[in-house]
Student: 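Take a look at this one; I'll ask things after.
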Amino acid sequence: MKRVLVTLAVAALGYSGCTSTPTASQVVVFVYADPGVLARATRLRVQVFGGTRQGGSLVPDELVEQEDYDPTVRRQLVLAPAGNDPDRLFRVVAHGIEVVGGAEVSFVTTSVVSGYVAEETRVIELRLWDTCVSVTCANADQGCVDAVCGSNYKPPGSLEGFEECAEGLERCADGCVDLDDDEDNCGTCANACQAGTRGAAACEAGACTLVCPPGFATCDGDLTDCQTDVTTASSCGACGFTCGGATPVCLGSDGTYGCSDSCGSLALCGTSCADTESNAIHCGMCDNECPVVDHGVPTCALGACSFACMEGFGDCDGDPANGCETDLTRTAANCSECGNVCATTANSSPRCTNSMCSITCASGYSNCDNDPATGCEVRIERDPVNCGVCGFICPSPPTNAASQCSNFSCSFVCNAGFGNCDGNWGNGCEVDLRSNHDNCFQCGNNCGPANCVDATCTCPANTLGCGSPMDCCDNATEFCNVNQGFVCQPQP
């Protein structure tokens, strides 16, 4: 699968560059674009938002940097927090941009929110999925991951550590690879070799090529097909090797062919000696070539045509007309093999990535124990020991208060009967609302001539409460005139 990386050096976040032994708190982000996105995008846009774990929200909303890139350019994104403070957070949003009616429009987007690990370099992979094209997420802080909208929080401690590559290898999104023979990173990172109609993709000496099935070769340099039948007299065993004279036909099997004077027990098909039981070009009879199907290689067995699926694909619906229609590397209902259904677990949706089952957490939830079997077991939206991100514990509360997590952010709440009437959390909830005359039941509620008893303004004995704010009428000399607005007046 072809993917492209995007690079952004974010000076505003304090990035000073990777070193062989990094001591800064930093994150390398690889931003991918699937083939369908690349075919449609005029450019890729990357936005970086910065923020802190303390305060209003765990979703950073301060735009630090925005850059546009040619989709075909190999890049990577490196982030480091302001002041090398590992408690800071970031949000990276990637867009595929196209031009519609002269205006630039984002047709696909994804995002990730995470943080840093002190004095370590970690890696995040962020992908613009083909399945997310034209998917609109209701929440602006969400991004699409394989057709599912979610906040996509990644706990800093769960990020992959940055790997320093051995000599001869280069760091790509797939890890440390040998660019000379890696089919997904051939010659350069993210340069994925494509299979041909009759051949399998291969990388040799840093260049993409095809591995042709027995009896075929690529003779004209066209790497979209193994188009030459090398079982004929004009190309016997190799491109342009010609038979003639006393040995006019080509005889052989399993990739080994040579000129001969007869076909023996095999069928003579033109100038080819063919086993019609197994030859995909002469299957059952001469010149009955087995058809090419999507993501499949034609085969012949017992004189009947069939096909073999290319690596990563499967014929899961059993319909030969559409070939190997299922991508086993990313289909949750057929992950790595047909019928292998990725399990549905709590608060998540199943997904298949690189032929391995995984999960995408529902908004507000996270897989804090890193066990897919338990699903996204923690509601990080309001869990005080996993607030916003797994493992982030809300700070200890001040006097007469409790810690709470709400909307992914830590805050304090006063215990019942207490109030933070001066607005200073440093001295906690300093007022006892059950007995404080100036703050009875709630801050600012002054009882006037009354006393505060059990959070209620209560007049002394032999007096009568009257009006609001409360006045206390002397039972012996006054009455509460309700007709005049609840005021104490002398008794007539």
Student: Would the pair Cys212 and Cys226 meet an SG-SG distance criterion of under 2.5 Å?
Tutor: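 Bridged: Cys212 to Cys226.
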Student: With a 4.0 Å cut-off, would you call Arg122 and Glu120 a salt bridge?
Tutor: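 Yes, charged N to carboxylate O under 4.0 Å.
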Student: Hey, is Cys203 close enough to Cys208 that the SGs sit under 2.5 Å?
Tutor: no
Student: With a 3.5 Å distance limit and no angle check, can you tell me whether Glu204 reaches the backbone of Asp181 through a side-chain donor-acceptor pair?
Tutor: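 Looks like no, no N/O pair under 3.5 Å.
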Student: Keeping Thr256 on the side-chain end and Gly252 on the backbone end, is there a donor-acceptor pair under 3.5 Å?
Tutor: no
Student: Look at the side chain of Thr374 and the backbone N and O of Asp371, then say whether any donor-acceptor pair between them is shorter than 3.5 Å.
Tutor: yes
Student: State, without any angle test, whether Asn334 and Thr326 hold a side-chain donor-acceptor pair at a distance under 3.5 Å.
Tutor: no
Student: Donor-acceptor pair, distance only, cut-off 3.5 Å: does the side chain of Ser272 make one with the backbone of Thr231?
Tutor: yes
Student: Measure the distance from the SG of Cys259 to the SG of Cys243 and say whether it is below 2.5 Å.
Tutor: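 Cysteines Cys259 and Cys243 qualify as a disulfide pair, their SG atoms being under 2.5 Å apart.
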Student: I'd like to know if the side chain of Ser260 reaches the main chain of Ser262, judged simply by a donor and an acceptor atom lying under 3.5 Å from each other, with no hydrogens or angles considered.
Tutor: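 Indeed, once roles are kept as given, a pair shorter than 3.5 Å links the two residues.
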Student: Can you confirm whether the thiol sulfurs of Cys338 and Cys316 sit closer than 2.5 Å?
Tutor: yes
Student: Is a donor on one side and an acceptor on the other found under 3.5 Å between the side chain of Glu325 and the backbone of Asp317?
Tutor: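 Indeed, once roles are kept as given, a pair shorter than 3.5 Å links the two residues.
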Student: Indicate, with yes or no, whether the SG-to-SG separation of Cys144 and Cys149 is under 2.5 Å.
Tutor: no
Student: Do Ser111 side-chain atoms and Val93 backbone N/O form a donor-acceptor pair below 3.5 Å?
Tutor: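 Not a single qualifying donor-acceptor pair exists.
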Student: Applying disulfide (SG to SG under 2.5 Å), run through Cys376 and Cys361 and close with a yes or a no.
Tutor: CA-CA 6 Å; Cys376 301; Cys361 290; 2.0 Å; yes
Student: Tell me, yes or no, whether the heavy-atom count around Phe241 atom CZ, taken from other residues, nucleotides or ligands under 6.0 Å, exceeds 12.
Tutor: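 No, not enclosed.
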Student: Cys286 and Cys269: disulfide (SG to SG under 2.5 Å), yes or no, with the steps?
Tutor: CA-CA 5 Å; Cys286 288; Cys269 298; 1.9 Å; yes
Student: Under 2.5 Å between the SG atoms: is that true for Cys250 and Cys236?
Tutor: yes
Student: Is the side chain of Thr276 donor-acceptor paired with the backbone N or O of Met285 at a distance under 3.5 Å, no angle test?
Tutor: no
Student: Ignoring hydrogens and angles, state whether a donor on the side chain of Asn347 or Glu377 is under 3.5 Å from an acceptor on the partner side chain.
Tutor: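 Distance-only check fails for Asn347 and Glu377.
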Student: Spell out, as yes or no, whether a donor-acceptor pair under 3.5 Å connects the side chain of Asp130 to the backbone of Gly36.
Tutor: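 Yes: the side chain of Asp130 pairs with the backbone of Gly36.
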Student: May I ask you to check if the distance between the SG atoms of Cys410 and Cys387 is under 2.5 Å?
Tutor: no
Student: Closer than 3.5 angstrom, by distance alone: can the side chain of Glu119 be matched with the main-chain N or O of Val117 as a donor-acceptor pair?
Tutor: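 Not a single qualifying donor-acceptor pair exists.
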Student: Please state whether the sulfur gamma atoms of Cys239 and Cys219 sit closer than 2.5 Å to each other.
Tutor: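 Correct, these two cysteines form a disulfide.
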Student: For a quick check under 3.5 Å, do Ser348 and Thr345 share a side-chain donor-acceptor pair by atom type?
Tutor: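 Their side chains do contain a donor-acceptor pair, which is all the 3.5 Å distance test asks for.
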Student: Identify all side-chain donor-acceptor contacts of residues 96-105 below 3.5 Å with residues at least two apart in sequence or on another chain.
Tutor:
unit_1: Glu98; atom_1: OE1; unit_2: Arg40; atom_2: NE; d: 2.9
unit_1: Glu98; atom_1: OE2; unit_2: Arg40; atom_2: NE; d: 3.3
unit_1: Glu98; atom_1: OE2; unit_2: Arg40; atom_2: NH2; d: 2.8
unit_1: Glu104; atom_1: OE1; unit_2: Arg45; atom_2: NH2; d: 2.6
unit_1: Glu104; atom_1: OE2; unit_2: Arg43; atom_2: NH1; d: 2.3

Student: If a pair satisfies ring pair (Phe, Tyr, Trp, His ring centres under 6.0 Å) and one of its residues is in residues 281-310, list it, with sequence neighbours excluded.
Tutor: His295-Phe313
